[in-house]
Asks: 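Quick one: this structure, given as structure tokens, is what I'll be asking you about.
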Amino acid sequence: MADRIDYGKMLNPAQLDAVMAEEGPILVIAGAGSGKTRTLVYRVARLVESGVDPETILLLTFTRKASREMLDRAAALSDARCRFVSGGTFHSLALKVLRRYAEAVGYDNGFTILDRSDMEEVIHSLIPELQMPRTVQRFPKRGTLANILSKAANLQAPLEGFVLEEYGQFVEVASEIEELGRLYAAYKREHSLMDYDDLIILLERLLEENSEIRSELSRQYGHIMVDEYQDTNGIQAGIVKWLAHEHQNIMVVGDDSQSIYSFRGADYRNMLDFPSLFPKARIIKLEQNYRSTQPILALTNALMEQARERYTKCLFTTRSGGEKPRVINTRTEPGQALLITRHIKELTAHGRSLADMAVLFRAAYHSFELEAHLTREHIPYVKYGGFKFLESAHIKDFLAHMRVLVNRDEAMSWMRILRLVKNVGLGKTHAIIEWMKKENAAPGQVGAWPGAGKREQGLKELGKLLGDLSARDLAPEQAVERVMIYYLPMLKEKFDDYPRREKELEQLIPMARRYKKLRGFLDDLVLEPPASPADTAPMGKKAFLTLSTVHSAKGLEWPVVFIIWVMEGRLPSAMSYSNPLNLEEERRLMYVAATRAKDQLIITYPGEESGPAWASYQRRGTGLSSFIAALPTDLYLHGYADAWNRRPHLSAMKRKAGPGETERRKELPFARGEKVRHPAFGTGVVSRFVPDNKVEILFKKAGRKLLHLEYTTLEKA
DNA sequence: CATCACGCTGTTTTT
DNA sequence: CAGCGTGATG
């Protein structure tokens, strides 16, 4: 065991207070960079050191990675037993508990977890049951429906309230959406499915209604800590309330200024309501910032002073010196990417490591332009956030073959794998699923479907695969390899970029190796995203630049931070419906992004040339410009970048079409419908134009259909 | 069943 | 512009 820690030396008085407090409810209000993680780590170490059984400590964090890192740090600090602390997210805790007590909430314990795209698929398939008249024109898309239903679930409130405010365009169909929500709930029950929201809702219900189980869990987890409490919603607060109900040993840590998850019902007011849940709560504030230089902090403090509601603290730092943040109007969106690329090259030329730098943005696609530049300049980067590896079609197709073994009612996965079989479409898929249900057939018997003729040979092969997989109770790794043999030919037929997708599938093999049971493997894939390329890259060999959404950058820090800030006003929805922007949340996003920076902060924004919406937002005072305009000008250096680089093909596109002429890019060497030849793919027809000087070409023969190719690789046929 | 042309419409962030 | 739904065609 390591030497006893001298806590007084390692922590400031407020941190020490939080760490040494052993019993009772405590609310820690911790500003950005105030050593919040450090405090939690030391508290875990301290509890274990003082003889608390590590397994009875529950550390709830926002991601599983965060909890693992904290426990590793605690273990390194004092006692290896810290690794046995129960850590995870609300969702992973819920899964663990619900697998054990599924019957108590009316579920079979073999339920399957729906990830986001599964959820959308189910919802989508239920829309026809609404039997809406054709006159209903504007009905939300599947993704939007999932957003709405999920938020309703997380708020545990009827849709109307927030639909009116956030989805004003859909108020007329609110009752249909609610009906759809009921259909969706019934469907999940019937097929033993839970989505992310059900996990936490059912856990809360279980705790509330079943005092025996509640007591048992209370005894199991005698000390509870919650990180990022400002991002919890009402359900999660309820879980906390019930878990700590008996012993009251609960510490929650958070910062209301960093609440950026309102889209899933999170409410920073939970922070302030904590004392009413636990009347004996003590409040401890951490206000000293150890991360950023004074000029950066001055700007972020000023930013938050404009917040309509500000409950807590003002940060101070003892880090003097450092340069003022820079705010640069690049006049165009592509200009941001170019400016940042140049800046990064300059910094690396002066010896700065790429690992010291990060570029942050609100939405994953905001970095596309930048990624193109980085690739061209051979600057290695890792990207966090945005669309999930797991949600891409080939991964879902692949995993579906294993999901039907774990839960044979899982119609979603059956649909996927059956439709991959040649000459089986929607009709036969439904018939087969019906038949299997009626016969209560095992997955491997699918090949015996009486409707199968010569054309449906593929069904026999599918049956053989599923039979093999279930008969021999294979380890996850072998199951993955077996499915690979079956699925790879289909992959090659379905996707023309199959080499990339094949590589991604191969990543599943080492992941599967870590599990003994198929179900554990599949559960974790849904709840824990696979490691990023940076984690698997040979350490120390290469320094990577980090690109990340603000949401994924939470809790991290870098010496140099760039922020790409794009006006929402560009979006047509905001134009046509005049949806009010959530400026308060936008401000907190900016705050989270800016407080990641230790030494240097560079914010770029596309100036007034970025679109007509800009002017309209400026007029209404509801854009990024209004944040900037409101900040004291002595807190940052403002600059303009040259309008170097408008994309040539964009301006060409704007050329007005003459009479009788369809609008077309002037410099295009061919027209829609024209025949073209490609050296590798042969002859095809120009279908439509896509960005980056590419055309969509339809190839009838060469096996595959639509390819996006650059003009220069094509010639007229 | 599979494929294709065409018209309509509008955000994003994560467990 | 691009994803999605629809309806026509092989």
Side-chain angles (χ1 to χ4, degrees), chain A residues 60-66 88-95 113-116 119 124 127-128 134 137-144 146-147 150-151 153-154 166-167 169 194-200 228 231-233 235-236 260-266 360-366 384-388 390-391 419 421-429 455-456 526-529 548-554 566-577 579 581-582 585-586 588-589 592-593 649-650 653 663 672-673 685 687-692 694 696 698 700 704-706 708:
Chain A
L60 289 172
T61 52
F62 214 61
T63 62
R64 289 212 209 178
K65 191 163 156 248
T89 61
F90 279 93
H91 292 85
S92 68
L93 171 72
L95 175 65
I113 308 167
L114 297 179
D115 69 19
R116 183 46 193 253
M119 177 183 180
H124 185 73
I127 293 177
R134 296 221 165 191
Q137 282 242 307
R138 191 173 277 149
F139 198 70
K141 294 253 160 65
R142 54 171 94 182
T144 314
N147 277 342
S150 178
K151 183 152 186 185
N154 277 297
E166 290 171 47
Y167 300 91
Q169 66 273 36
M194 286 188 200
D195 61 23
Y196 290 123
D197 307 326
D198 295 322
L199 286 173
I200 56 170
E228 307 276 13
D231 285 325
T232 55
N233 59 33
I235 301 160
Q236 290 162 323
I260 55 176
Y261 281 88
S262 67
F263 63 86
R264 70 186 211 203
L360 307 182
F361 32 85
R362 181 165 38 72
Y365 71 88
H366 288 158
Y384 295 89
F387 273 101
K388 293 284 154 340
L390 277 170
E391 288 175 3
R419 296 204 57 183
V421 176
K422 276 234 172 59
N423 291 316
V424 176
L426 205 55
K428 282 177 203 164
T429 296
R455 300 179 69 208
E456 291 86 9
V526 178
L527 286 184
E528 181 173 43
S548 175
T549 59
V550 178
H551 292 84
S552 302
K554 257 196 151 176
V566 180
M567 279 303 303
E568 298 230 24
R570 270 173 36 81
L571 300 170
S573 65
M575 289 291 283
S576 44
Y577 304 123
N579 275 347
L581 287 181
N582 187 344
E585 179 149 326
E586 189 87 357
R588 293 195 296 267
L589 270 164
V592 172
H649 74 272
L650 277 187
M653 265 177 50
E663 207 153 310
R672 281 179 94 158
V685 178
S687 168
R688 60 163 95 183
F689 300 99
V690 292
D692 300 324
K694 286 185 181 163
E696 187 178 84
L698 180 66
K700 297 236 181 197
R704 245 358 285 161
K705 29 168 202 177
L706 296 164
H708 291 192

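Throughout, a chain's letter reflects where its sequence line sits, starting with A, and its residues are numbered from 1.
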Asks: Please identify each residue that fulfils salt bridge (Lys or Arg N to Asp or Glu O under 4.0 Å) with Lys422(A), with sequence neighbours left out.
Replies: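 Counting only residues at least two positions away or on another chain, Lys422(A) forms a salt bridge (Lys or Arg N to Asp or Glu O under 4.0 Å) with Glu493(A).
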Asks: Base, sugar-phosphate or nothing for Asp197(A)? Non-hydrogen atoms, less than 4.0 Å.
Replies: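 Answer is nothing: Asp197(A) stays at 4.0 Å or more from every strand.
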Asks: Can you work out whether Leu589(A) or Val424(A) has the more 5'-proximal nearest nucleotide on DNA chain B?
Replies: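 Looking at the nearest nucleotide for each, Val424(A) comes out on the 5' side.
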Asks: Looking only at N and O atoms, is any donor in the side chain of Arg362(A) or the base of dT13(B) less than 3.5 Å from an acceptor on the other one?
Replies: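 Such a pair does not exist between side chain and base.
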Asks: So what does Val550(A) touch, heavy atoms closer than 4.0 Å: a base, only the sugar-phosphate, or nothing?
Replies: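 Nothing: the residue Val550(A), judged by heavy atoms under 4.0 Å, touches no strand.
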Asks: Under the side chain to side chain contact (heavy atoms under 4.5 Å, CB included) test against Phe90(A), which residue among Ile235(A), Asn233(A), Leu60(A) passes?
Replies: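 By the side chain to side chain contact (heavy atoms under 4.5 Å, CB included) criterion, Phe90(A) pairs with just one of Ile235(A), Asn233(A), Leu60(A): Leu60(A).
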Asks: Lys554(A): what forms a side chain to side chain contact (heavy atoms under 4.5 Å, CB included) with it, not counting sequence neighbours?
Replies: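 Counting only residues at least two positions away or on another chain, Lys554(A) forms a side chain to side chain contact (heavy atoms under 4.5 Å, CB included) with Glu228(A), Gln230(A), Asp231(A), Gln258(A), Ile260(A), Tyr261(A), Val592(A).
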Asks: Under 4.0 Å between any heavy atoms, over every strand shown, what does Gly427(A) touch: base, sugar-phosphate, or nothing? Just pick one.
Replies: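 The answer is sugar-phosphate, as Gly427(A) gets under 4.0 Å only of primed atoms, P, OP1 or OP2.
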Asks: Please work out if Phe62(A) contacts a base, only the sugar-phosphate, or nothing of the nucleic acid, heavy-atom cut-off 4.0 Å.
Replies: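 Sugar-phosphate only.
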Asks: Which nucleotide wins on minimum distance to the side chain of Thr549(A), given the candidates dG5(C), dT13(B), dC1(B)?
Replies: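 So the nucleotide nearest the side chain must be dT13(B).
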Asks: Would you kindly give the CZ-to-C1' distance between Arg588(A) and dT14(B), to the nearest whole Å?
Replies: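 That distance rounds to 16 Å.
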Asks: Would you please indicate yes or no on a ring centroid separation below 6.0 angstrom for His551(A) and Phe263(A)?
Replies: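 Yes.
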Asks: Round to the nearest Å and state the distance from Leu360(A) atom CG to dT12(B) atom C1'.
Replies: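 So the two atoms are 16 Å apart, to the nearest Å.
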Asks: Rounding to a whole Å, what distance do you find between Lys141(A):NZ and dT11(B):P?
Replies: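 That distance rounds to 7 Å.
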Asks: How close or far is atom P of dT15(B) from atom CE of Met194(A), stated in whole angstroms?
Replies: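 In whole Å, dT15(B) P and Met194(A) CE are 20 Å from each other.
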Asks: Of the candidate nucleotides dT12(B), dT15(B), dG5(C), which contains the atom at the shortest distance from the side chain of Tyr365(A)?
Replies: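 Between dT12(B), dT15(B), dG5(C), the one nearest the side chain of Tyr365(A) would be dT12(B).
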Asks: So does Gly143(A) get a backbone contact from the side chain of Arg116(A), meaning a donor-acceptor N/O pair under 3.5 Å?
Replies: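 Between the backbone of Gly143(A) and the side chain of Arg116(A) there is a qualifying donor-acceptor contact (under 3.5 Å).
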Asks: Can you work out whether Thr144(A) or Ser150(A) has the more 5'-proximal nearest nucleotide on DNA chain B?
Replies: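 Looking at the nearest nucleotide for each, Thr144(A) comes out on the 5' side.
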Asks: Can you check the Ile113(A) CD1 to dT15(B) C1' distance for me, whole Å?
Replies: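 Taking atom C1' of dT15(B) as the reference, CD1 of Ile113(A) is at 10 Å.
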Asks: To the nearest Å, give me how far apart CZ (Phe90(A)) and P (dT14(B)) are.
Replies: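 In whole Å, dT14(B) P and Phe90(A) CZ are 19 Å from each other.
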Asks: What nucleic acid atoms does Ser92(A) come within less than 4.0 Å of, heavy atoms only: base, sugar-phosphate, or nothing?
Replies: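 The residue Ser92(A) makes no contact with any strand.
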Asks: Roughly, in whole Å, what's the span from CD1 in Ile200(A) to C1' in dT14(B)?
Replies: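 Nearest whole value for this atom pair: 12 Å.
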Asks: Taking the side chain of Ala363(A) as heavy atoms from C-beta outward, which of dT12(B), dG5(C), dT15(B) is closest to it?
Replies: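 Out of dT12(B), dG5(C), dT15(B), the nucleotide with an atom closest to Ala363(A)'s side chain is dT12(B).
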Asks: What's the gap between dC4(C) and dT13(B) when it is taken at their P atoms, as a whole Å value?
Replies: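 Approximately 15 Å lies between the P atom of dC4(C) and that of dT13(B).
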Asks: Considering every strand and a 4.0 Å limit on heavy-atom distances, what is the contact class for Thr63(A): base, sugar-phosphate, or nothing?
Replies: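 Since only primed, P, OP1 and OP2 atoms lie under 4.0 Å of Thr63(A), the category is sugar-phosphate.
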Asks: State whether His91(A) places a side-chain N or O below 4.0 Å from either non-bridging phosphate oxygen (OP1 or OP2) of dT14(B).
Replies: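 For His91(A), the contact criterion (side-chain N or O under 4.0 Å from OP1 or OP2 of dT14(B)) is not met.
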Asks: How long is the line joining CD of Glu586(A) and C1' of dT11(B), in whole Å?
Replies: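 Taking CD of Glu586(A) and C1' of dT11(B), I get 11 Å after rounding.
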Asks: In whole Å, measure the gap between the C1' atoms of dG5(C) and dT12(B) for me.
Replies: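 Looking at atom C1' only, dG5(C) and dT12(B) are 23 Å apart.
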Asks: Would you say Ser552(A) places a side-chain N or O within less than 4.0 Å of OP1 or OP2 belonging to dT14(B)?
Replies: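 Yes, within the criterion.
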Asks: Between Arg142(A) and Asn147(A), is any side-chain donor less than 3.5 angstrom from a side-chain acceptor?
Replies: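 Looking only at side-chain atoms, Asn147(A) and Arg142(A) do not form any donor-acceptor pair under 3.5 Å.
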